[in-house]
Amino acid sequence: MLELKNVDAFYGLGHILHGLSLSVSEGEVVALLGRNGAGKTTTLRSITGLTPPKRGQVLYKGADIAGLRPHVITRKGIAMVPETRDIFSYLTVKENLAIAERRGSRWHMDSVLERFPGLKTRLGHKGGELSGGEQEMLAIARALLTGPELLLLDEPSQGLAPLVVSAVMDTIRELKSQRVSMLLVEQNAEMALQLADRVYVIDHGTVVFEGAPAQLRADANITATYLGVG
Ligand code: ATP
């Protein structure tokens with residue numbers, strides 16, 4: 001479904017991604033791990049068109065989308081839940097959702113609220129009044145309303161209490177059961193390993209490990225060097 005081939009990306013003169021290659025198959029949950037500054041967020045931005053690659057290909061369903069504008073890429077079925085969540089704090093929950101709603105999407109306002117009952121009771125509240133967990137749910141709900149087939153999640157567990165992290169994990173599992181493909185960036189390696197079918201570890205903008213979660217757990221060298229575990 002998604003294949004990055006030898007992607008190089010820059011911020012100005014800063015060369016961040018160096019020949020990065022990875023893939024996500026249909027219905028698969030793929031985790032992208034690595035230390036701070038390894039280039040995880042930049043990888044997601046190179047897929048969504050926010051930081052277009054200078055070299056390499058971003059193949060989505062076989063067509064190269066590298067260099068297309070972000071809104072065009074969204075319309076093709078790729079949605080991102082950013083690390084910063086980007087909720088409009090002065091708009092209500094309902095307004096935040098309504099902005100994203102798109103005709104033809106498998107998800108609409110009613111089905112999303114059924115899935116996120118916590119948001120239903122908060123519809124009239126301003127985005128800025130929500131807890132971190134509610135904001136994450138709102139960010140995921142909003143992404144679903146655009147009708148994605150591929151969801152990019154940037155550190156969904158960030159700043160959340162363990163119980164709320166479990167709720168986010170349940171949501172990811174449920175979306176997986178509905179065949180939404182996901183690329184999951186996480187600092188919380190344990191969470192990611194529980195959810196993922198396959199894992200990439202990147203460092204300095206290049207892949208240093210690819211394999212199944214069990215293979216990564218067994219590799220003390222990689223976990224100690226790149227994940228600060230062990
Ligand atoms: P984190 O967990 O800290 O978000 P990350 O793996 O997602 O880490 P990126 O955000 O992709 O890392 O950042 C990769 C590198 O690019 C870092 O060295 C960072 O300082 C740099 N960088 C990120 N954003 C910008 C920017 N807007 N301008 C210049 N450099 C940037």
Side-chain angles (χ1 to χ4, degrees), residues 2 9 11 16-17 24 29 31-32 34 36-53 58 60 65 68-103 105-109 111-113 115-116 118-161 164-165 167-169 171-172 175 180-188 191-192:
L2 178 77
Y11 289 118
I16 310 299
L17 300 184
V24 181
V29 176
L32 185 56
N36 279 336
K40 303 181 296 296
T41 298
T42 310
T43 302
L44 298 187
R45 291 174 60 96
S46 73
I47 299 167
T48 59
L50 292 170
T51 305
V58 180
Y60 178 64
I65 58 167
L68 297 182
R69 305 275 296 270
H71 69 274
V72 177
I73 293 175
T74 304
R75 257 191 257 131
K76 288 184 180 292
I78 300 180
M80 167 132 142
V81 181
E83 186 177 2
T84 44
R85 296 176 185 137
D86 296 358
I87 302 303
F88 293 106
S89 19
Y90 293 103
L91 298 184
T92 63
V93 168
K94 185 160 188 186
E95 288 163 343
N96 267 284
L97 291 171
I99 290 171
E101 212 172 9
R102 216 179 75 203
R103 237 187 291 161
S105 161
R106 180 148 64 94
W107 292 84
H108 44 81
M109 188 72 87
S111 56
V112 154
L113 291 178
R115 173 60 193 81
F116 298 97
L119 293 179
K120 202 171 181 175
T121 59
R122 305 282 266 158
L123 276 182
H125 288 256
K126 298 263 195 286
E129 295 169 17
L130 303 182
S131 68
E134 288 170 334
Q135 289 197 356
E136 182 61 34
M137 294 301 183
L138 178 53
I140 295 175
R142 193 182 49 188
L144 290 178
L145 287 172
T146 68
E149 291 173 63
L150 174 66
L151 195 56
L152 311 175
L153 295 150
D154 197 353
E155 301 206 18
S157 77
Q158 170 132 305
L160 304 183
V164 187
V165 172
V168 171
M169 289 175 75
T171 302
I172 292 173
L175 294 177
V180 179
S181 311
M182 283 173 268
L183 183 56
L184 169 65
V185 164
E186 261 303 333
Q187 287 288 334
N188 182 341
M191 169 192 178

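The salt bridge (charged side-chain N to carboxylate O under 4.0 Å, His left out) contacts involving residues 76-88 comprise R85-E136, where partners must be two or more places apart or lie in separate chains. For residues 43-53, there are no salt bridge (charged side-chain N to carboxylate O under 4.0 Å, His left out) pairs, not counting sequence neighbours.
Here the straight-line distance linking atom OG1 of T74 with atom CZ of R102 works out to 8.0 Å at 0.5 Å rounding. Distance check, rounded to the nearest 0.5 Å: CG of L145 to OG of S111 gives 7.5 Å. In this structure, OG in S181 is found 9.0 Å from CG in L2, a value given to the nearest 0.5 Å. Between the CD1 atom of I172 and the CG atom of L151 there is a distance of 8.0 Å, given to the nearest 0.5 Å. Atom CD of Q187 and atom CG of N36 lie 4.5 Å apart (nearest 0.5 Å). E149 contributes atom CD, which lies 4.5 Å from atom OH of Y60 (distance to the nearest 0.5 angstrom).
Partners of T121 under the side-chain contact (heavy atoms from CB on, under 4.5 Å) rule, at least two apart in sequence or in another chain, do not exist in this structure. Remark: V164 pairs with L160, A161 by the side-chain contact (heavy atoms from CB on, under 4.5 Å) rule, at least two apart or across chains. Judged as a side-chain contact (heavy atoms from CB on, under 4.5 Å), and not counting sequence neighbours, S89 has no contacts. Scanning for side chain to side chain donor-acceptor pair (under 3.5 Å) contacts around H125 gives R122, E129, with sequence neighbours left out. For the side chain to side chain donor-acceptor pair (under 3.5 Å) test, no residue two or more places apart in sequence or in another chain qualifies with E101. Listed by chain and residue number, A31, L33, L184, E186 satisfy the side-chain contact (heavy atoms from CB on, under 4.5 Å) test with A192 (two or more places apart in sequence, or in another chain). Listed by chain and number, the residues in a side chain to side chain donor-acceptor pair (under 3.5 Å) with T41 are D154 (sequence neighbours excluded). Residues satisfying the side chain to side chain donor-acceptor pair (under 3.5 Å) test with T146, not counting sequence neighbours, are none.
The closest side-chain heavy-atom distance from V185 to T43 is not below 4.5 Å. Looking at V93 and F116, their side chains never come closer than 4.5 Å, going by heavy atoms from C-beta outward. Using a 4.5 Å heavy-atom cutoff, the side chains of V29 and L175 are not in contact.
The heavy-atom pair separating M191 from S157 by the smallest distance is SD-CB, 3.5 Å. Nearest heavy-atom pair, Y11 versus T42, reported as atom, atom and distance to 0.1 Å: OH-OG1, 3.2 Å. I87 and G127 make their closest contact through CG2-CA, 3.7 Å (heavy atoms, listed as atom of the first residue, atom of the second, distance). For G39 against I16, the heavy-atom pair with the smallest separation is CA-CG2, 4.2 Å. Listed here is the closest heavy atom pair of L68 and I73: O-CD1, 3.5 Å. Looking at every heavy atom in both residues, L97 comes nearest to L113 through CD1-CD2, 4.0 Å.
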Would L17 and T51 satisfy side chain to side chain contact (heavy atoms under 4.5 Å, CB included), going step by step from the backbone distance to the final call? CA-CA 11 Å; L17 300 184; T51 305; over 6 Å; no
Criterion side chain to side chain contact (heavy atoms under 4.5 Å, CB included) on Q158 and N188, from CA distance to verdict: CA-CA 8 Å; Q158 170 132 305; N188 182 341; over 6 Å; no
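Side-chain atoms of K40 do not come within 3.5 Å of backbone N or O of L32 as any donor-acceptor pair.
With no hydrogens or angles considered, a side-chain donor-acceptor pair links R115 and T171 at under 3.5 Å.
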